[in-house]
There are 2 protein chains.
Amino acid sequence: MHLISYDIHSDYLRTKIAKTLIQYGLHRIQYSVFMGTLRDSTVSRLRKVLHNYTQDRHWIADDTVMILPLHQYSEDHISFLGKEIQKWSEIQGNLHTLVL
Amino acid sequence: MHLISYDIHSDYLRTKIAKTLIQYGLHRIQYSVFMGTLRDSTVSRLRKVLHNYTQDRHWIADDTVMILPLHQYSEDHISFLGKEIQKWSEIQGNLHTLVL
């Protein structure tokens, strides 16, 4: 499971990166935080795509993308205050396991 | 180590919660993402304070705060694109260990 979050100043680039993250199978947990269960090969490809965005003319020096691989421990101990997260088992990749 | 991120609509409440998180020893990694190494007792107290904020009249149904305990695995495998994170060893609690 991975968590990816960003601070991107350009609306154009932020929208583009959000779309990419969702396209690669991540779910939007909060406005700038995405989580999901991806294959290692998908993460590698995604890293390359994200790295390309840092070369975009809309990317500024203050922009950051954080890629955080999560351990089972985090999945077991995560908690939310406020709105419940939809599709939590899908985000954890359980659905995928069931399908297999 | 903990990661706390939020989606809070009210500027007033968001500012208040950000100040609280920093007061409790977390570092602002991104606009809505905070990380740091806290004692278990501090995390418990912080949870109560955050829970109180959900009762504030500025809190709306869509607001969320995510509390994610991180495993050493995440610290070892975290990566950033773009701006380097300042005070990373302080965030990881290494400084604290050195002081002790």
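Order of the sequence lines sets the chain letters (A, B, ...), proteins ahead of strands, with each chain counted from 1. Predicted model, so just to flag it, every value in this text is computed and none were measured.
Both B:L21 and B:V49 sit in one connected hydrophobic cluster of ILVMFWY residues. Membership requires side-chain heavy atoms under 4.5 Å apart, directly or through other members. Grouping the Ile, Leu, Val, Met, Phe, Trp and Tyr side chains by contacts below 4.5 angstrom, directly or via other members, places B:L38 apart from B:M35. Placement of A:I22 and A:V43 within a single hydrophobic cluster is found when ILVMFWY residues are connected by side-chain heavy-atom separations under 4.5 Å, directly or transitively. Residues B:F34 and B:Y24 fall within the same hydrophobic cluster, defined by Ile, Leu, Val, Met, Phe, Trp and Tyr side chains chained together at heavy-atom separations under 4.5 Å.
In this structure, a donor-acceptor pair under 3.5 Å is absent between the side chains of B:S32 and A:Q30.
The number of heavy-atom neighbours closer than 6.0 Å to CG of B:D40, taken from other residues, nucleotides and ligands shown, is 12 or below.
Contact count against chain B (heavy-atom pairs under 4.5 Å) is highest for A:D62 among A:T54, A:V33, A:D62. With chain A as partner, the option from B:T64, B:D63, B:L81 having the largest number of non-hydrogen pairs under 4.5 angstrom is B:L81.
The contact list for residues 3-15 of chain A toward chain B, using heavy atoms and a distance under 4.5 Å, reads A:L3, A:S5, A:Y6, A:D7 by residue number. Residues of residues 65-73 of chain A that come within less than 4.5 angstrom of chain B, heavy atom to heavy atom, are A:V65, A:M66, A:I67, A:L68, A:P69, A:L70, A:H71, A:Y73 in numerical order.
In this structure, chain A has no heavy atom under 4.5 Å from any part of B:M1.
Residue B:S79 holds its OG atom at 11.0 Å from NE2 of A:H51, rounded to the nearest 0.5 Å.
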